[in-house]
A.B. asks: 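Encoded as structure tokens, here's the structure I'll be asking about.
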Amino acid sequence: MLCLAGTSLCFAQAKIYQNPNAPVEERVKDALSRMTVHEKVLLLHGQSKFTSAGVPRLGIKELHHSDGPHGCRAEVEWNSWNTANWNNDSCVAFPSLTCLAATWNRDMSAIYGKAVAEEFAFRDKNIMLGPGVNINRMPLNGRNFEYMGEDPLLAGEMVVPYIQNAQKQGIACCLKHFFVNNQEWHRERVNVNASERAIREIYLPAFRKGVVEGGAWSVMGSYNKWLNIHCCENDSLLNGILKGEWGFDGAVVSDWGGVHSTMGAALGGMDIEMGTGAGDGVSSRGIKTYTYNTNFLGDNFEKLINEGKIPMSVLDDKASRVLRTIFRTAMNPNKVIGELCSEEHYDVCLQIAEEGIVLMKNDRNLLPIDVSRYSHILVVGENATRSLTEGGGSSELKTKLDISPLDGLRAAFGDRIDYAQGYYSGRAMYAMQERTDSTRQAQLKAEALEKAKSADLIIFIGGMNKNGGQDCEATDRNEYQLSFGQPELIAALAKIQKNIVVVTFGGNPFDTSCMKSVPAFLHCWYLGSISGTAIANIVSGKVNPSGKLPITFAANKNDYPCFHYGERGFPGVNDQLYYDEGIFVGYRYFNTNNVKPAFAFGHGLSYTTFAYGKPTVSASTSGKKTVTVSIPVRNTGKVTGKEVVQLYIGKNGSKVERPEKELKDFAKVSLNPGEEKTVSFTIDDEDLQYWDETTHSWQVESGKYTVYINSSEVVNKGKVVFVR
């Protein structure tokens, strides 16, 4: 008790946890000391679909979770997946994370994280379920559009500024899906068998950067198994690597329904169990029962704690992690008020979309469009008018503004624009793919081909969408080529009019053989709320494209190594999935085995040209084993442009099997016409290491290394050799 001197007035002991200016660790320790066992347990599981409990008796707030990472999901009912139908839960749909990765621009990642977190804050959310950094191992994965490509260095470098700037707003990023969640087929039960080296070199590094460098406050466990144990209750993964090796001090959140046992969750490192489904029960009278206490980390867990079968230290550690998350977010005095659908956020959306669009091909310099040459521009394709912010599973967004490509092109080119749908895809969700009527498809195709006869320029806008069987959670793509008769339609249009631009959406690579007769080709990922304006700005030349591919587009599906081993590699045999390709994922396989891709990792054209000078290398004189590689880059064209300078390293004569070269750094530079800048990279031992499975540690070989300075993985602009 605290008593006022000279009076009889006494007060309860000061509540440090309620002091917003006290250090977080003191607040955690104080709050924990005041809580009952039952109150601690209540912190560890959901109390609704998207909230987990606080401690009302002590004034400790609950946590509000919401799906991201491309925007704040519309509200759902307290205890069901049904949309709540609010009128004030629209948001800005930011571009997909594949688009962000395609910018190869850390500054874009920083403004993305800040802006999206401000929208979460305004909606009174505390944990944003994202971003995701699972590696694009397999080009049919329905959720690849939510991730950052096939390379762990690129994904890791791009996720760090996102997390840092989101969490400055008082919103916890929940880095997901941890880990090896590289397909949706049987995701709840498939067990991933991968070499220790592949795990360490390919599938963990981006998560490690997000935790160690980004400082992520929460991490989401994935549905699948590793070492035949679900990742949401995997001691080796969550306690051993995440909390032990990496020193993660935040809360591990389960993917919804990802926990399968009390002891597994209790001892395996899970901190907040969500979506198990206990609250979905219906009584005999048809009344929903609210029984979240029956979750695995609910009553049964509490019983085992009270009986001494699970140490109290386990409960205290979990409760401390949740309290730490609450004080960092819901009870953080520096959490921003935020804003929703602001002009600034739409501007951020537009900037990222413009920088992420990749100019894949531009024969005859058909782009940018010289409007004086064309009087009748025909836009063909369903994606010109379809909202691509809808569908896709948990990342579906309810937008206040959604500028379609057709709207954007009409705003840019006026009454020169005509439109034909060309094909029909249906409106299916998840696994229920809607059948499309063949008669209707034929009619739409015929209409487009007839209109094409009078057009002097065609802009085809298609690609993928977020239907089940396309880019959609809980499903994988049905095929590698574009669906709904698009390849045949593109080829037929190209026969009628040689001036044709193809614009595709999608989070995955696909068969681009239909583009051989097409002079100009743009790939756009998913661009969010301002997609139409971004596309119009690129094709009109108002903005110079600067995106680069974060994934390899193979000429054929079977060129990807995951398909070389039959069903072992995908979708698995008896729920056992084998990563027999080891570390040779994406471009690492293509460059090492001399397999020519259709469009290489790192590829992307510009409306200007860049000349690279001679690279130089210098060793550090500070005593630390580093070398610096520098190269001058000049804009030799007539318009301002941005170039992504890519640094790859290969080991000469390695004693272990290694890719020919691997991405180790990159820099995006903006250059005016005639301007030159020198780009420098510092290389240290971390850039040279490999994982040794005999010593279970990182090792660095002595000897010669070749540094490649490239404009894409296959286009070398200069190389130097140094000795380590």
Side-chain angles (χ1 to χ4, degrees), residues 92-96 98-112 115 343-362 365-374 377 379 383-384 388 401-414 416-417 457 459 461 501-505 519-550 603-610 633 635-644 668-675 711:
V92 173
F94 293 89
S96 64
T98 46
C99 182
L100 176 61
T103 70
W104 290 63
N105 189 335
R106 298 171 179 88
D107 292 339
M108 289 295 103
S109 182
I111 64 171
Y112 193 132
E343 289 185 16
E344 180 186 4
H345 290 177
Y346 286 119
D347 185 57
V348 169
C349 179
L350 180 61
Q351 288 182 63
I352 295 165
E354 290 170 346
E355 283 217 19
I357 292 173
V358 180
L359 179 58
M360 307 280 277
K361 183 179 180 182
N362 194 23
N365 291 320
L366 185 59
L367 291 175
I369 293 171
D370 181 354
V371 72
S372 66
R373 294 179 54 194
Y374 308 107
I377 301 173
V379 177
N383 280 354
L388 294 172
L401 177 66
D402 204 349
I403 300 176
S404 72
L406 184 60
D407 289 339
L409 292 169
R410 280 177 170 156
F413 301 116
R416 290 179 175 84
I417 298 292
L457 174 69
I459 303 176
I461 302 180
V501 179
V502 172
V503 179
T504 54
F505 288 87
F521 170 30
L522 289 164
H523 188 59
C524 294
W525 322 104
Y526 294 107
L527 300 179
S529 289
I530 316 291
S531 60
T533 304
I535 289 171
N537 287 349
I538 293 290
V539 300
S540 69
K542 183 177 180 180
V543 173
N544 190 351
S546 63
K548 299 275 189 174
L549 291 178
H603 169 77
L605 304 177
S606 171
Y607 295 152
T608 191
T609 53
F610 301 96
V633 182
N635 182 343
T636 54
K638 297 180 180 180
V639 296
T640 298
K642 294 180 180 180
E643 172 69 331
V644 178
K668 192 164 195 175
V669 292
S670 180
L671 297 167
N672 296 319
E675 184 180 10
S711 60

A.B. asks: When rounded to the nearest 0.5 angstrom, what is the spacing between CH2 in Trp525 and SG in Cys99?
C.D. replies: 8.0 Å

A.B. asks: Any donor-acceptor pair under 3.5 Å linking the side chain of Lys668 with the backbone of Thr103?
C.D. replies: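 Yes.
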
A.B. asks: I'd like to know if the side chain of Ser529 reaches the main chain of Ile403, judged simply by a donor and an acceptor atom lying under 3.5 Å from each other, with no hydrogens or angles considered.
C.D. replies: no

A.B. asks: Hey, does the side chain of Asn362 reach the backbone of Leu366 with a donor-acceptor pair shorter than 3.5 angstrom?
C.D. replies: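 Such a contact is found between Asn362 side chain and Leu366 backbone.
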
A.B. asks: Could you pull out the closest heavy-atom pair between Ser670 and Thr640, with the gap in Å?
C.D. replies: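 Nearest heavy atoms, Ser670 then Thr640: OG-CG2, 4.1 Å.
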
A.B. asks: Are any side-chain N or O atoms of Asn635 and backbone N or O atoms of Val639, one a donor and one an acceptor, separated by less than 3.5 Å?
C.D. replies: yes

A.B. asks: Mind listing the closest non-hydrogen atom pair of Ala93 and Cys349 along with its distance?
C.D. replies: O-SG, 3.3 Å

A.B. asks: Where is the tightest heavy-atom contact between Gly528 and Asp402, given as atom of each residue plus distance?
C.D. replies: O-OD1, 4.1 Å

A.B. asks: Side chains of Glu643 and Ser711: closer than 4.5 Å at any heavy-atom pair?
C.D. replies: yes

A.B. asks: Do Ile357 and Cys524 come close enough that some side-chain heavy atom pair is under 4.5 Å?
C.D. replies: yes

A.B. asks: Tell me whether Tyr607 contacts the main-chain N or O of Ile538 through its side chain, where contact means a donor paired with an acceptor under 3.5 Å.
C.D. replies: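 Checked: pair present.
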
A.B. asks: So, Arg416 side chain and Tyr374 main chain: donor-acceptor pair closer than 3.5 Å or not?
C.D. replies: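 Checked: pair present.
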
A.B. asks: Would you say Ser109 and Leu100 make side-chain contact, with heavy atoms under 4.5 Å?
C.D. replies: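 Ser109 vs Leu100: side chains touch.
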
A.B. asks: For Trp104 and Val644, indicate whether the former's side chain and the latter's backbone hold a donor-acceptor pair under 3.5 Å.
C.D. replies: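 Absent.
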
A.B. asks: Nearest 0.5 Å please: distance from the CZ atom of Arg106 over to the CD1 atom of Ile111.
C.D. replies: 15.0 Å

A.B. asks: What is the minimum heavy-atom distance between Leu401 and Ile530, and which atoms define it?
C.D. replies: CD2-CD1, 3.9 Å

A.B. asks: How close do Ile535 and Val503 get, heavy atom to heavy atom, and via which atoms?
C.D. replies: CD1-CG1, 4.1 Å

A.B. asks: Any chance you could measure Phe521, atom CZ, to Lys361, atom NZ, to the nearest 0.5 Å?
C.D. replies: 9.0 Å

A.B. asks: In Å and rounded to the nearest 0.5 Å, what is the CD1 to CG distance from Ile417 to Asp407?
C.D. replies: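 If I round to the nearest 0.5 Å, the distance is 11.0 Å.
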
A.B. asks: For residues Ser531 and Tyr526, determine if any side-chain heavy atom of one lies less than 4.5 Å from a side-chain heavy atom of the other.
C.D. replies: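 No, their side chains stay 4.5 Å or more apart.
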
A.B. asks: Should the ring pair Phe94 and Tyr112 be called parallel, tilted or perpendicular, given that the plane angle runs from 0 to 90° and is split at 30 and 60?
C.D. replies: tilted

A.B. asks: Quick check for you: to the nearest 0.5 Å, what is the distance between Lys542 atom NZ and Glu354 atom CD?
C.D. replies: 8.0 Å

A.B. asks: List the atom of Gly637, the atom of Thr608, and the distance in Å for their closest heavy-atom pair.
C.D. replies: CA-OG1, 3.0 Å

A.B. asks: Quick one, Leu409 and Ile461 - any side-chain contact, counting heavy atoms below 4.5 Å?
C.D. replies: yes

A.B. asks: Drop me the distance from Leu359's CG to Leu367's CG, to the nearest 0.5 angstrom.
C.D. replies: 6.5 Å

A.B. asks: Take Phe413 and Val539 through the side-chain contact (heavy atoms from CB on, under 4.5 Å) test and state the conclusion after the steps.
C.D. replies: CA-CA 11 Å; Phe413 301 116; Val539 300; 4.1 Å; yes

